[in-house]
Amino acid sequence: MTGLIPLRRRPGAGVGDRHELHADFDVEPFDLYGRRHEVTEARAAVGVTRLSEGLHLDLRVFVVVRTTCDRTLDPTELHLEFGDSEFLAGPYNRELSVEDWTLDLRGYTERALPNEVPMQVFCPGSEPVEAAGSSDEIDPRWRGLGGLFASGH
């Protein structure tokens with residue numbers, strides 16, 4: 001599944017006409033933050049509205065990324081959703097991976113996905129533990145240094 005979606009203006013479509021497309025597509029595995037990520041599921045919902053001087057594109061991408069937990073190193077999955085809503089004045093838009101009125105879902109996803117994956121990934125139930133107590137509390141091991149730099153004058 002290549003994920004190429006034609007956006008050309010449909011014959012007979014008038015200004016303001018909108019159509020929606022849905023597609024499943026494949027995304028290559030990628031390395032990020034020192035670990036391998038595999039996209040096991042990728043689908044998109046694309047809304048195209050015809051305007052007098054171009055098209056308006058509403059794009060939502062849903063992916064499932066298989067990776068490893070930073071705490072346990074066990075396999076885990078991330079369910080991510082991202083997208084864009086943009087006016088296309090012409091047949092080319094590099095940021096959205098549009099070339100000759102064709103949207104490349106795979107190219108768009110491969111470009112956007114690294115910004116969506118968190119730097120730290122945790123399995124459910126293994127999230128980082130917050131330190132007990134308030135952040136203003138001084139660790140007892142450091143209390144003896146409290147008056148070291150204080151001026152007594």
Side-chain angles (χ1 to χ4, degrees), residues 1-139 142:
M1 295 176 272
T2 63
L4 296 176
I5 303 290
L7 301 175
R8 293 188 191 269
R9 298 178 186 174
R10 297 180 321 175
V15 173
D17 285 350
R18 178 181 170 86
H19 67 280
E20 293 199 22
L21 307 161
H22 298 273
D24 294 326
F25 58 99
D26 296 321
V27 179
E28 293 295 318
F30 61 101
D31 293 322
L32 183 67
Y33 306 128
R35 76 177 150 256
R36 189 82 168 157
H37 301 284
E38 179 184 344
V39 179
T40 59
E41 182 181 334
R43 59 188 161 83
V46 182
V48 181
T49 305
R50 181 167 180 211
L51 304 173
S52 61
E53 297 181 13
L55 299 173
H56 186 269
L57 181 67
D58 286 311
L59 174 60
R60 298 299 313 153
V61 176
F62 309 89
V63 296
V64 177
V65 178
R66 184 174 300 151
T67 187
T68 55
C69 174
D70 281 321
R71 182 165 295 231
T72 65
L73 299 179
D74 290 334
T76 190
E77 290 185 340
L78 294 171
H79 295 261
L80 302 172
E81 178 181 343
F82 53 92
D84 275 297
S85 182
E86 291 284 332
F87 169 68
L88 299 174
Y92 299 95
N93 184 309
R94 188 172 152 200
E95 287 183 29
L96 294 176
S97 296
V98 174
E99 185 173 323
D100 193 26
W101 295 113
T102 300
L103 171 63
D104 179 2
L105 291 171
R106 179 186 294 173
Y108 172 80
T109 302
E110 288 174 351
R111 186 180 344 273
L113 196 52
N115 294 323
E116 302 299 325
V117 174
M119 288 182 73
Q120 291 186 318
V121 177
F122 298 101
C123 290
S126 67
E127 286 82 11
V129 178
E130 295 295 324
S134 73
S135 61
D136 294 335
E137 186 177 318
I138 297 174
D139 186 320
W142 294 98

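Source: prediction; values computed, not measured.
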S.K.: Would you mind reporting whether L88 and V48 have side-chain heavy atoms less than 4.5 Å apart?
M.R.: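 They are not in side-chain contact.
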S.K.: Nearest 0.5 angstrom please: T40 OG1 to H79 NE2, how far?
M.R.: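 Output value for this atom pair is 7.5 Å.
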S.K.: As a quick check of understanding, evaluate side-chain contact (heavy atoms from CB on, under 4.5 Å) for Y92 and D100, giving each step before the final call.
M.R.: CA-CA 6 Å; Y92 299 95; D100 193 26; 4.0 Å; yes
S.K.: Nearest 0.5 angstrom please: H37 NE2 to L32 CG, how far?
M.R.: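 Reported to 0.5 Å precision, the distance equals 4.5 Å.
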S.K.: Between atom CG of L78 and atom CZ of R66, what is the distance when rounded to the nearest 0.5 Å?
M.R.: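 Rounded to the nearest 0.5 Å, the CG-CZ separation comes out at 11.5 Å.
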S.K.: Can you check whether V121 reaches R35 side chain to side chain, under 4.5 Å on heavy atoms?
M.R.: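 Of all side-chain heavy-atom pairs linking R35 with V121, at least one is under 4.5 Å.
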S.K.: I want to check something: taking the side chain as every heavy atom from C-beta on, are T109 and F25 in contact at a cut-off of under 4.5 Å?
M.R.: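 In short, these two side chains touch, coming nearer than 4.5 Å.
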S.K.: Can you list everything that forms a ring-ring contact (aromatic ring centres under 6.0 Å, His included) with F62? Sequence neighbours excluded, please.
M.R.: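 Applying ring-ring contact (aromatic ring centres under 6.0 Å, His included) to F62 gives none.
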S.K.: Measure the CG-CG distance between L55 and D17 for me, rounded to the nearest 0.5 Å.
M.R.: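 Reported to 0.5 Å precision, the distance equals 11.5 Å.
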S.K.: Supply the atom-to-atom distance R60 CZ to E81 CD, rounded to the nearest 0.5 angstrom.
M.R.: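 So the gap between those two atoms works out to 4.5 Å.
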S.K.: Checking R36 against E38 for the salt bridge (Lys or Arg N to Asp or Glu O under 4.0 Å) test, could you report, in this order, the C-alpha distance in whole Å, the side-chain angles of both residues, the deciding distance, and whether it holds?
M.R.: CA-CA 7 Å; R36 189 82 168 157; E38 179 184 344; over 6 Å; no
S.K.: Hey, mind stepping through F82 and N115 against side-chain contact (heavy atoms from CB on, under 4.5 Å) and telling me if it holds?
M.R.: CA-CA 10 Å; F82 53 92; N115 294 323; over 6 Å; no
S.K.: What distance separates L103 CG from L105 CG, expressed to the nearest 0.5 Å?
M.R.: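 Answer rounded to 0.5 Å: 4.5 Å.
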S.K.: Return the minimal non-hydrogen interatomic distance between T68 and T76, and the atom names on each side.
M.R.: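 Closest approach of T68 to T76: C-CG2, 4.0 Å.
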S.K.: State, with a plain yes or no, whether a side-chain heavy atom of P6 is found less than 4.5 Å away from one of L21.
M.R.: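 Result no, sub-4.5 Å side-chain heavy-atom pair not found.
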S.K.: Of all the heavy-atom pairs spanning V63 and A42, show the shortest one and how long it is.
M.R.: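 For V63 versus A42, the nearest heavy atoms are CG1-CB, 4.0 Å.
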S.K.: Locate the shortest heavy-atom distance separating P114 from Y33; write the atom from each residue and the value.
M.R.: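 Here P114 and Y33 meet closest at O-OH, 4.0 Å.
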S.K.: Where the side chain of R71 meets the backbone of C123, is there a donor-acceptor pair that is under 3.5 Å apart?
M.R.: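 Answer holds: no.
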S.K.: Identify the heavy atoms of E28 and E110 that sit nearest to each other, and give their distance.
M.R.: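 For E28 versus E110, the nearest heavy atoms are N-OE2, 3.4 Å.
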S.K.: Applying salt bridge (Lys or Arg N to Asp or Glu O under 4.0 Å), name anything that partners D58, two or more places apart in sequence or on another chain.
M.R.: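 Partners of D58 under the salt bridge (Lys or Arg N to Asp or Glu O under 4.0 Å) test: R18.
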S.K.: Using every non-hydrogen atom in the two residues, find where L59 and A44 come nearest and quote the distance to one decimal.
M.R.: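 Closest heavy-atom pair between L59 and A44: CD1-CB, 4.4 Å.
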S.K.: What pair of heavy atoms forms the shortest contact from A23 to I5, and how long is it?
M.R.: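 Taking A23 first and I5 second, the nearest heavy atoms are CB-CD1, 3.8 Å.
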S.K.: Pair D84, Y108 - check side-chain hydrogen bond (donor to acceptor under 3.5 Å, both in side chains), show working.
M.R.: CA-CA 10 Å; D84 275 297; Y108 172 80; 2.6 Å; yes
